[in-house]
Colleague: 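I have a structure I would like to understand better, so I am pasting it below and will then ask my questions one at a time.
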Amino acid sequence: MSTTIATASDYLARIAKVRSAMVAQQVDATLLSVGHDLPYLSGYFAMPLERLTMLVIPQNGDVVMVVPRLEVPRVVPQPDVFSIVAWGETEDPVAIVAKLLPSARKIAIGDQMWARFLVELLTKINGATFVRAVDVVGSLRVSKDGSEIAALQVAGSAADRVAQQLHSGQIPLIGRTEAQVSADISARLIAEGHDVVNFAIVAAGENAASPHHHAGSRVIAKNEIVLCDFGGTMNGYCSDITRCVYTGKPANDVALAYDVLFAAQAAGVAAGVVGAACEDVDRAARSIIEQAGFGEYFVHRTGHGIGMEAHEEPYMVSGNSLPISAGHAFSVEPGIYIPGKWGMRLEDIVVATETGPMSMNKVNHSLVTVEA
Ligand code: ZN
Ligand code: ZN
Ligand code: ZN
């Protein structure tokens with residue numbers, strides 16, 4: 001895994017917010033192990049090892065990273081943010097953590113910590129109650145700060161460059177299988193700077209009617225739609241984009257439906273303003289698709305939050321009345337899927353700002369003809 005592009009002052013600001021939440025909830029200490037909260041607050045992506053790595057955040061006092069000695073070279077030191085306590089192979093890391101928390105009564109625990117460590121903590125910290133750290137860290141991660149938005153922009157631009165290569169015909173389609181095109185797109189995501197590829201859906205013709213179709217052995221022909229939905233992780237943050245292309249002149253029914261999809265997606269993006277509800281983004285996109293008579297063929301929510309994880313809070317779905325605030329990052333990806341015939345989806349990542357929705361993806365939104 002890569003490191004993030006956040007700085008010590010970003011981590012300090014985030015930890016300060018965690019501590020205010022801890023004060024409000026009377027949490028004495030927060031313990032984070034594997035999962036995304038750890039790199040969010042320290043820059044360090046721990047491997048999911050059986051050896052304990054744990055960031056210990058007391059309500060007051062020093063933040064300490066307890067880490068296996070052999071993993072220390074992978075930790076980028078942030079002396080202003082945390083000190084490092086390395087433990088050797090014959091030491092008990094849980095005892096080290098317990099010793100750092102002599103008087104903690106209420107302790108918040110990261111969701112992805114191994115159960116064995118919690119079981120051991122229960123025996124070594126007598127009388128403490130344990131709660132989930134998602135209540136002190138999770139809500140902070142929903143609103144991205146400046147360095148996170150910068151990372152989303154860098155990843156989005158890299159995904160855009162691959163979409164541009166698709167539009168320009170540099171990624172041949174006709175005569176190749178979906179799986180071959182998927183592998184080509186994946187290689188290009190890496191070549192454009194991603195550290196890992198998270199997915200590269202390629203669905204041709206009737207396969208595009210299945211929103212999460214797995215790219216397979218179907219050979220792409222002339223005169224059909226090809227849906228490409230791909231993304232990866234770069235500097236710790238995710239990209240996610242969908243563009244459809246047509247291997248010829250689009251058939252009339254497809255062209256007409258695409259005009260509806262185009263308008264619905266633009267309306268969804270425009271609705272992503274500070275103060276609106278998350279469900280308003282869904283409603284804005286869905287109402288256009290419904291008015292055109294395709295309502296029953298738009299079978300999923302309009303979007304998901306994105307950040308260190310490809311899918312995270314907040315979700316753009318009917319029933320989510322959470323107000324959008326500055327720094328919320330989410331996808332806007334309506335689709336129309338006609339079983340047995342064709343499917344289409346159009347997706348950008350959007351960040352809500354005080355001056356309006358800012359799209360991380362700027363590559364052409366039209367149904368581009370690719371005759372390669
Ligand atoms: Zn999806
Ligand atoms: Zn996607
Ligand atoms: Zn998405």
Side-chain angles (χ1 to χ4, degrees), residues 36 142 144 148 151-153 155-167 171 178 181-182 184-186 188-190 192 194 196-204 207-215 225-234 237-245 258 261-262 264-266 268-269 271-272 278-279 281-282 284-286 289 298-318 320 324 328-337 343-352 357-365 367:
H36 289 87
V142 176
K144 274 66 184 175
E148 295 186 283
L152 286 167
Q153 182 63 77
S157 298
D160 267 5
R161 291 194 293 276
V162 178
Q164 177 57 39
Q165 291 160 18
L166 174 69
H167 282 161
I171 302 175
E178 295 168 340
V181 175
S182 175
D184 194 343
I185 288 173
S186 298
R188 288 166 189 268
L189 284 169
I190 298 293
E192 294 298 341
H194 288 83
V196 289
V197 175
N198 295 333
F199 50 86
I201 295 170
V202 176
N207 282 350
S210 167
H212 279 170
H213 173 70
H214 188 81
I225 198 162
V226 183
L227 182 157
C228 301
D229 181 356
F230 49 90
T233 306
M234 187 166 172
Y237 285 78
C238 295
S239 65
D240 184 3
I241 184 173
T242 306
R243 290 293 184 270
C244 292
V245 295
Y258 196 88
L261 180 69
F262 184 99
Q265 201 268 348
V269 172
C278 289
E279 65 182 353
V281 171
D282 183 81
R286 194 172 303 277
I289 290 175
F298 178 14
V299 292
H300 55 73
R301 66 189 176 213
T302 294
H304 53 83
I306 188 168
M308 293 185 140
E309 295 175 85
H311 286 190
E312 59 181 41
E313 300 279 346
Y315 293 95
M316 304 293 126
V317 62
S318 177
N320 187 2
I324 295 171
H328 281 184
F330 49 86
S331 73
V332 179
E333 50 176 309
I336 300 173
Y337 310 94
M344 54 178 63
R345 179 163 67 252
L346 180 58
E347 174 179 27
D348 288 339
I349 300 305
V350 173
V351 175
M358 182 169 71
S359 186
M360 303 291 104
N361 301 103
K362 295 175 182 67
V363 69
N364 193 341
H365 292 77
L367 182 61

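One-based numbering along the sequence shown. Counting starts at 1 for both ligands and their atoms, in listed order.
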Colleague: In chain order, what residues pass the ring-ring contact (aromatic ring centres under 6.0 Å, His included) check against Tyr315, with sequence neighbours excluded?
Modeller: none

Colleague: Among the N/O/S atoms of His304, which is closest to the Zn ion (ligand 3)? Give the atom name.
Modeller: NE2

Colleague: I need the OD1(Asp229)-the Zn ion (ligand 2)-OE1(Glu347) angle, rounded to 10 degrees.
Modeller: 100°

Colleague: Is it the case that the side chain of Ser239 and the backbone of Gly232 share a donor-acceptor pair, with hydrogens and angles ignored and the cut-off at 3.5 Å?
Modeller: yes

Colleague: Would a distance-only check, ignoring hydrogens and angles, find a side-chain to backbone donor-acceptor pair under 3.5 Å from Asp160 to Lys362?
Modeller: yes

Colleague: Using a distance threshold of 2.8 Å, state whether an N, O or S atom of Asp240 lies below it from the Zn ion (ligand 2).
Modeller: yes

Colleague: Of Asn198, Leu152, Val196, which is the lone residue that meets side chain to side chain contact (heavy atoms under 4.5 Å, CB included) with Cys238?
Modeller: Asn198

Colleague: What N/O/S atom of Glu333 gets nearest to the Zn ion (ligand 3)?
Modeller: OE2

Colleague: Quick one: list whatever passes salt bridge (charged side-chain N to carboxylate O under 4.0 Å, His left out) with Glu313, sequence neighbours left out.
Modeller: none

Colleague: For the Zn ion (ligand 3), does an N/O/S atom of His311 lie at less than 2.8 Å?
Modeller: no

